[in-house]
Amino acid sequence: MEPDQKSTVVITGASSGVGLYAAKALAQRGWHVVMACRDLAKTEKVAQTVGMPQDSYSILHIDLASLESVRQFVQDFRASGKSLDALVCNAAIYMPLLKEPLRSPEGFELSVATNHLGHFLLCNLMLEDLKKSTAVEPRLVILGTVTHNPDELGGKIPPRPDLGDLRGFAEGFKEPISMIDGKKFEPVKAYKDSKVCNVLTMRELHRRYHESTGITFSSLYPGCVADTPLFRNHYPLFQKIFPWFQKNVTGGYVSQELAGERVAVVVADPEYKQSGAYWSWGNRQKKDGKSFVQKVSPQARDDEKAERMWDLSAKLVGLA
Ligand code: NAP
């Protein structure tokens, strides 16, 4: 592909783990990757470490916890003159040991602000850019996870996600509120709640915009990538045992390379053009494992909840 004919994908959180290897896999397929990251020097270093050719990527600053930074990112992207053919919402934080909530610059609980609200704003703003894409079918992909779904084996471990009546969002989601359901702060549940919001956002984007824009909206569970830095804020012993357990007991372990490859096929391959789909390769990873469209959790397929989540999120990020 000639450089100016390259399709362009923006990947958030491409400085580590699944996002980095998705960037590598898409660069290998001839895409230009805009690595949307908060640490530019780190991103440059890891892009070189995994062997991405210099002209296959550019790096643009975004701090997803900050709504102002998300808006600035969109301006900077537009100023680059690139067209947008795919957007991958991948960045996330998981801080299971926190006793008290951390806050985003706008005062929201930090994990929901980063994983959901920042991406929610980004998706809404970049819809305009995707609409202008000349690609046959532009795509917007949001990373999901099995832990959003208590109906799946990997999602049964408490605490379970529960958005409740979204009272916490309705009441402004700032001090003293730290959970979407307005209840007591539970950091693991906050992460899972944010991932339910990610799936609801994808489904609501599909319902609102697929038909009118032709954009494909989808999510995926790439498998348990137990050794990414996502677990850096967990007990050191957990960080040792978890990958071993997933490799030898559950059989759910997936390498960062394979997870990145899975993101890349959902972004680029014709078989993954179904909009509104949540792709999975199952919990037990077989060598010849095929992907399939998986049913999402009862909460994540609740249309009323999706609409309420959408309206309240739009208000919180200043879109309403
Ligand atoms: P990871 O290695 O920790 O990567 C997370 C990325 O998000 C990093 O690039 C990080 O940047 C970035 N990030 C965090 N906060 C940010 C912020 N405020 N602004 C911009 N970027 C920010 O995690 P991962 O395991 O690859 O997870 C990636 C995605 O896969 C997540 O959506 C996660 O839910 C999903 N997932 C993971 C697994 C798994 O088993 N690991 C399973 C299912 C789904 P820094 O490098 O600067 O920290």
Applied to residues 184-210, the ring pair (Phe, Tyr, Trp, His ring centres under 6.0 Å) test, sequence neighbours excluded, yields Tyr94-Tyr191, His206-His210
query = Judged by modelled atom types alone, do Ser291 and Tyr272 share a side-chain donor-acceptor pair under 3.5 Å?
reply = yes
*Decide yes or no on side chain to side chain contact (heavy atoms under 4.5 Å, CB included) for Leu110 and Arg103, but give the supporting numbers first.*
CA-CA 5 Å; Leu110 191 64; Arg103 296 282 163 184; over 6 Å; no
Below 30° counts as parallel, above 60° as perpendicular, anything between as tilted: where do the rings of Phe173 and Phe169 land? perpendicular
Checklist entry - Given His119 and Thr201, is the side chain to side chain contact (heavy atoms under 4.5 Å, CB included) satisfied, shown in steps? => result CA-CA 9 Å; His119 280 134; Thr201 301; over 6 Å; no
Val50 with Val33, same ILVMFWY side-chain cluster at under 4.5 Å: yes
- Query: Taking NZ, NE, NH1 and NH2 as the nitrogens, is one of them in Lys192 or Asp162 under 4.0 Å from a carboxylate oxygen of the other?
  - Reply: no
When rounded to the nearest 0.5 Å, the distance separating CG of Leu130 from OG1 of Thr213 is 8.0 Å
(Q) I'd like to know if Arg29 and Glu261 make a salt bridge, using a cut-off of under 4.0 Å between side-chain N and carboxylate O. (A) yes
So CH2 of Trp310 and CD of Glu204: to nearest 0.5 Å the spacing works out to 6.5 Å
Quick one: are Ile142 and Cys123 in side-chain contact, heavy atoms under 4.5 Å? yes
**Request:** Determine, step by step, whether Ser133 and Leu84 satisfy the side chain to side chain contact (heavy atoms under 4.5 Å, CB included) criterion, reporting the C-alpha distance in whole Å, the side-chain angles of both residues, the deciding distance to 0.1 Å, and the verdict.
**Result:** CA-CA 6 Å; Ser133 162; Leu84 182 68; 5.9 Å; no
Taken to the nearest 0.5 Å, the spacing of Leu60 CG from Cys37 SG works out to 9.5 Å
Requested in this report: Mark yes or no for whether Arg38, through its side chain, and Asp63, through its backbone, hold a donor-acceptor pair below 3.5 Å.
Outcome: no
Nearest heavy-atom contact between Glu106 and Ala65 is OE1-O, 3.6 Å
Heavy atoms of Lys42 and Ser15 approach each other most closely as CE-O, 3.6 Å
Rounding to 0.5 Å, atoms CG (Leu64) and SG (Cys89) come to a distance of 8.0 Å
Next item on the list: Taking the side chain as every heavy atom from C-beta outward, state whether Thr114 and Phe108 have any atom pair closer than 4.5 Å.
Entry: no
*Joint cluster assignment, Val196 & Ile93, ILVMFWY side-chain distance < 4.5 Å*: no
message: Please tell me whether Val265 and Leu220 are part of a single hydrophobic cluster in this structure, the criterion being side-chain heavy atoms less than 4.5 Å apart.
response: yes
Minimum side-chain heavy-atom gap Gln256-Val18 below 4.5 Å:
no
Note to self: Could you check whether Glu128 pairs with Lys132 (Lys NZ or Arg NE/NH1/NH2 to Asp/Glu carboxylate O, under 4.0 Å)?
What the structure shows: no
Is the count of non-hydrogen atoms from other residues, nucleotides or ligands lying under 6.0 Å from Leu319 atom CG greater than 12? yes
**OP:** For residues Ile11 and Leu26, determine if any side-chain heavy atom of one lies less than 4.5 Å from a side-chain heavy atom of the other.
**Re:** yes
Exercise. So, does Asn198 use its side chain to make a donor-acceptor pair with the main chain of Asn115 at under 3.5 Å?
Worked result: yes
Here the pair of heavy atoms bringing Trp31 nearest to Val9 is CE3-CB, 3.6 Å
Residues Ser7 and His32: side-chain donor-acceptor under 3.5 angstrom: no
**Message:** If you define the side chain from C-beta out and look only at heavy atoms, does anything of Lys184 sit under 4.5 Å from Ser178?
**Reply:** no
Please check if the side chain of Gln299 supplies one atom and the backbone of Pro161 the other of a donor-acceptor pair under 3.5 Å.
yes
* To do: Determine, stepwise, if the pair Met309 / Ile180 fulfils side chain to side chain contact (heavy atoms under 4.5 Å, CB included).
  => CA-CA 10 Å; Met309 183 284 307; Ile180 298 176; over 6 Å; no
Interatomic distance, CG@Asp85 vs CG@Leu87, rounded to 0.5 Å, equals 11.5 Å
Quiz item: Are Val293 and Leu143 in one and the same hydrophobic cluster, where Ile, Leu, Val, Met, Phe, Trp and Tyr link if side-chain heavy atoms are under 4.5 Å apart?
Solution: yes
For Lys6 and Gly30, the nearest pair of non-hydrogen atoms, with its separation, is CG-O, 3.3 Å
| query | Between the main-chain N or O of Val112 and the side-chain N or O of Glu109, is there a donor-acceptor pair closer than 3.5 Å? | reply | yes
Next on the checklist: Within the supplied structure, the quantity of interest is the number of heavy atoms (other residues, nucleotides, ligands) at a distance under 6.0 Å from Tyr235 OH; does it exceed 12?
Outcome noted: no
Ser56-Gln54 side chain donor-acceptor pair, cut-off 3.5 Å
no
- Message: Could you tell me if the side chain of Arg262 sits less than 4.5 Å from the side chain of Leu258, heavy atoms only?
- Response: yes
Worksheet item: Below 4.0 angstrom, N of the basic side chain to O of the carboxylate: do Arg207 and Glu307 qualify?
Response: yes
Point to revise | Backbone of Asn90 reached by a side-chain donor or acceptor of Thr12 within 3.5 Å | key: yes
Residue pairs meeting ring pair (Phe, Tyr, Trp, His ring centres under 6.0 Å), one or both in residues 123-143, sequence neighbours left out, come to none
Interatomic distance, CG@Asp193 vs CZ@Arg160, rounded to 0.5 Å, equals 13.5 Å
The single option from Arg167, Lys189, Lys305 that satisfies salt bridge (Lys or Arg N to Asp or Glu O under 4.0 Å) with Asp181 is Lys189
For Leu102 and Met95 the tightest heavy-atom approach is CD1-SD, 3.9 Å
task = Measure the shortest side-chain to side-chain distance between Val88 and Val10 over non-hydrogen atoms and say whether it is less than 4.5 angstrom.
result = no
Check: Any luck finding a side-chain donor-acceptor pair between Gln72 and Glu68 under 3.5 Å?
Finding: no
Consider only side-chain N and O atoms of Ser280 and Gln294, and report whether a donor and an acceptor are under 3.5 Å apart. yes
Q: Would you confirm whether Asp269, through its side chain, and Glu271, through its main-chain N or O, come within 3.5 Å as a donor-acceptor pair?
A: no
request  = Using modelled atom types only, decide if a donor and an acceptor are shared between the side chain of Glu137 and the backbone of Ile215 within a distance under 3.5 Å.
outcome  = no
* Taking the side chain as C-beta and beyond, is there a heavy-atom pair between Leu316 and Phe120 under 4.5 Å? -> no
Let's go through Tyr253 and Trp244 carefully: what are the C-alpha distance in whole Å and the side-chain angles of both, what is the deciding distance for ring-ring contact (aromatic ring centres under 6.0 Å, His included) to 0.1 Å, and is it a yes or a no?
CA-CA 9 Å; Tyr253 174 82; Trp244 179 89; over 10 Å; no
Closest non-hydrogen contact found for Leu20 with Met35 is CD1-CE, 4.0 Å
Q. So, the side chain of Gln239 versus the backbone of His234: is there a donor-acceptor pair under 3.5 Å, distance only?
A. yes
### Task
Give a yes or no answer on whether the side chain of Arg208 reaches the backbone of Leu205 with a donor-acceptor pair at less than 3.5 Å.
no
With clusters defined by side-chain heavy atoms of hydrophobic residues (ILVMFWY) lying less than 4.5 Å apart, directly or transitively, does Val70 cluster with Met202? yes
Hey, does the side chain of Ser69 reach the backbone of Ile62 with a donor-acceptor pair shorter than 3.5 angstrom? no
